[in-house]
2 protein chains.
Amino acid sequence: MTVAPRSEPLRFRSLEEVEAAVRRDGGRLTRPRRQVLEALFAAEGLASAEQIAGHEIELTSVYRNLERLEELGVVRHVHLGHGPGLYGLVGDGEREYLVCEACGQVTVAEPGRLDRAREAIRETLGFDARFTHFPIHGLCSACGGD
Amino acid sequence: MTVAPRSEPLRFRSLEEVEAAVRRDGGRLTRPRRQVLEALFAAEGLASAEQIAGHEIELTSVYRNLERLEELGVVRHVHLGHGPGLYGLVGDGEREYLVCEACGQVTVAEPGRLDRAREAIRETLGFDARFTHFPIHGLCSACGGD
DNA sequence: ATACTTGCAAATGATTTGCCAGTGT
DNA sequence: ACACTGGCAAATCATTTGCAAGTAT
């Protein structure tokens, strides 16, 4: 049970920037760590630990590195459903997710897109909803959502 | 990935009513099944498979029974976070849930309470959101939601 | 009698942990 | 050198599956 940092996360534009941040934090740039980072930059979106691992690195190391990078504010993860968690680089302004329980389709909502909904929830229940870590579930338009 | 039945689920008021439904479906009333049902009626809310099992019945049987009862429309389950799934009897009008990622507090929203938010999501993304199976995550009012 | 059910063991999938050997800095 | 990491095996947690023996109807 962890809270995401409330301040705007700094955006890392390149592998080099992240590597500098890792070093600043007292971390070392090992081969597995570099490969995790490369995989994340290559993914352009979300990837599972297993996908990130490929056939070169141990899954264990991947998890440990992802955890470390998440603490550093470089990485974040989402739980889209029953499958494995999905990891991605932190961008500027967090995307939020919607998953159709009928067809499994994942919709990505750009930052701000869910503000009206968030506002309604805040007004009704005084709760600040975030769909970045756990998505909205329901039925997409194709499956009966409209 | 299964869709919950869209029609208003019939409400079962008593153990006897459920037992009749089970029989109608060709099911048998065994000791473990009866105990699962009793535990659910006793729970008045949500309970994990382990809690329902107690020390008498096998967890395996509990899961199998819950699955069966869910197909019958008697039971439904929620995933409130990282822990085990929680099961409960289907009431009239489904409650929806909100979980605070900071303190873990679970807020139960009575039917209809999230309709404005649902409407906003439908208008913006043509998506019919349901917070009955997977809850809304975020920060409760105490933790910064207001 | 015969299908439906159970118990028990074992498998699964995702993720974590312990521990010691390896290596960036 | 020395703290930080990696590999590898094993543990954990929630849930599922296989199968032979048990039992409701």
Side-chain angles (χ1 to χ4, degrees), chain A residues 1-2 15-16 18-39 46-72 74-87 104 133-134, chain B residues 1-2 15-16 18-39 46-72 74-88 133-134:
Chain A
M1 206 102 348
T2 331
L15 196 45
E16 291 69 41
V18 177
E19 296 189 345
V22 169
R23 264 197 254 267
R24 237 176 280 130
D25 193 57
R28 284 146 200 217
L29 290 170
T30 61
R31 189 182 59 82
R33 182 163 296 162
R34 230 184 288 262
Q35 276 178 235
V36 166
L37 252 7
E38 281 166 16
L46 301 170
S48 67
E50 193 167 31
Q51 293 173 322
I52 291 168
H55 299 291
E56 307 271 311
I57 9 180
E58 277 296 309
L59 248 190
T60 295
S61 297
V62 174
Y63 279 112
R64 278 193 282 230
N65 276 305
L66 289 171
E67 190 184 13
R68 194 81 141 68
L69 293 167
E70 199 152 6
E71 283 162 12
L72 266 178
V74 174
V75 161
R76 109 235 98 130
H77 73 272
V78 208
H79 299 280
L80 290 191
H82 286 138
L86 299 178
Y87 298 78
H133 185 201
F134 288 97
Chain B
M1 205 101 349
T2 330
L15 196 46
E16 290 69 41
V18 176
E19 295 189 347
V22 169
R23 264 196 254 269
R24 235 176 281 129
D25 193 56
R28 286 149 198 211
L29 289 171
T30 61
R31 188 182 59 84
R33 181 163 295 162
R34 229 182 290 259
Q35 275 178 238
V36 167
L37 252 7
E38 280 165 16
L46 301 170
S48 69
E50 194 168 29
Q51 293 173 320
I52 292 168
H55 299 290
E56 307 270 310
I57 9 180
E58 276 297 308
L59 248 189
T60 296
S61 297
V62 173
Y63 279 113
R64 278 192 285 231
N65 276 306
L66 288 171
E67 190 184 14
R68 194 81 140 66
L69 292 168
E70 200 150 6
E71 284 162 13
L72 267 179
V74 174
V75 162
R76 108 236 100 131
H77 72 271
V78 208
H79 299 280
L80 290 192
H82 285 138
L86 299 178
Y87 298 78
H133 186 200
F134 288 97

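Residue numbers begin at 1 in each chain, while the letters A, B, ... track the order of the sequences. All values below come from the heavy atoms of this structure, side chains included, with hydrogens, waters and symmetry mates left out.
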Practice problem: Rounded off to whole Å, could you give me the CD-to-C1' distance for the A:Glu58 and C:dT16 pair? | Solution: 14 Å
Quiz item: Over how many whole Å does the gap from B:Arg31 atom CZ to D:dT23 atom C1' extend?
Solution: 12 Å
Just distance, no hydrogens or angles: give the donor-acceptor pairs under 3.5 Å from side chains in residues 54-62 of chain B, sequence neighbours left out.
none

Quiz item: What nucleotide, of D:dT15, C:dT25, D:dC8, holds the atom closest to the side chain of A:Arg64?
Solution: D:dC8
Exercise. Please tell me if the side chains of A:Asn65 and A:Leu37 come closer than 4.5 Å, counting only heavy atoms from C-beta onward.
Key: no
Exercise. Compare all side-chain heavy atoms of A:His77 with those of A:Leu66 and state whether any distance is below 4.5 angstrom.
Key: no
Quiz item: Among the nucleotides D:dT25, D:dT15, D:dT5, which one has an atom lying closest to any side-chain atom of B:Tyr63?
Solution: D:dT15
Quiz item: Whole Å only: how far is the CD atom of B:Glu67 from the C1' atom of D:dT17?
Solution: 11 Å
Exercise. Ignoring the backbone of B:Thr60, work out which of C:dC8, D:dG6, C:dT6 is nearest its side chain.
Key: C:dC8
Quiz item: Rounded to the Å, how far apart are A:Leu37 CG and D:dT5 P?
Solution: 13 Å
Quiz item: What integer distance in Å separates A:Gln35:CD from D:dG6:C1'?
Solution: 12 Å
Quiz item: Can you check the B:Leu66 CG to C:dT5 P distance for me, whole Å?
Solution: 14 Å
Exercise. Describe the nucleic acid contact of A:Leu29 in one word from base, sugar-phosphate, nothing, applying a heavy-atom distance below 4.0 Å.
Key: sugar-phosphate
Practice problem: Let me know the distance between CG of A:Leu59 and P of D:dA11, rounded to the nearest Å. | Solution: 18 Å
Self-check item: Nucleotide nearest B:Arg28 (side chain, heavy atoms from C-beta), chosen from C:dG7, D:dA24, D:dC4
Solution: D:dA24
Quiz item: Hey, are B:Arg34 and B:Glu19 close enough for a salt bridge, meaning a charged N less than 4.0 Å from a carboxylate O?
Solution: yes
Self-check item: B:Arg33, nearest nucleotide to its side chain (from C:dC8, C:dT6, C:dT15)
Solution: C:dT6
Quiz prompt | Whole-Å distance separating the CZ atom of A:Arg23 from the C1' atom of D:dA3 | solution = 16 Å
Exercise. Just compare D:dG6, D:dT15, C:dT6 and give me whichever is closest to any side-chain atom of B:Asn65.
Key: C:dT6
Quiz prompt | Comparing B:Gly26 and B:Ile57 on DNA chain C - which has the more 5′ nearest nucleotide | solution = B:Gly26
Quiz item: If you measure from CG on A:Asp25 to CD on A:Glu71, what distance do you get to the nearest 0.5 Å?
Solution: 8.0 Å
Practice problem: Using heavy atoms to find the nearest nucleotide of DNA chain D for A:Arg68 and B:Thr30 separately, return the residue whose nucleotide is more 5′. | Solution: A:Arg68
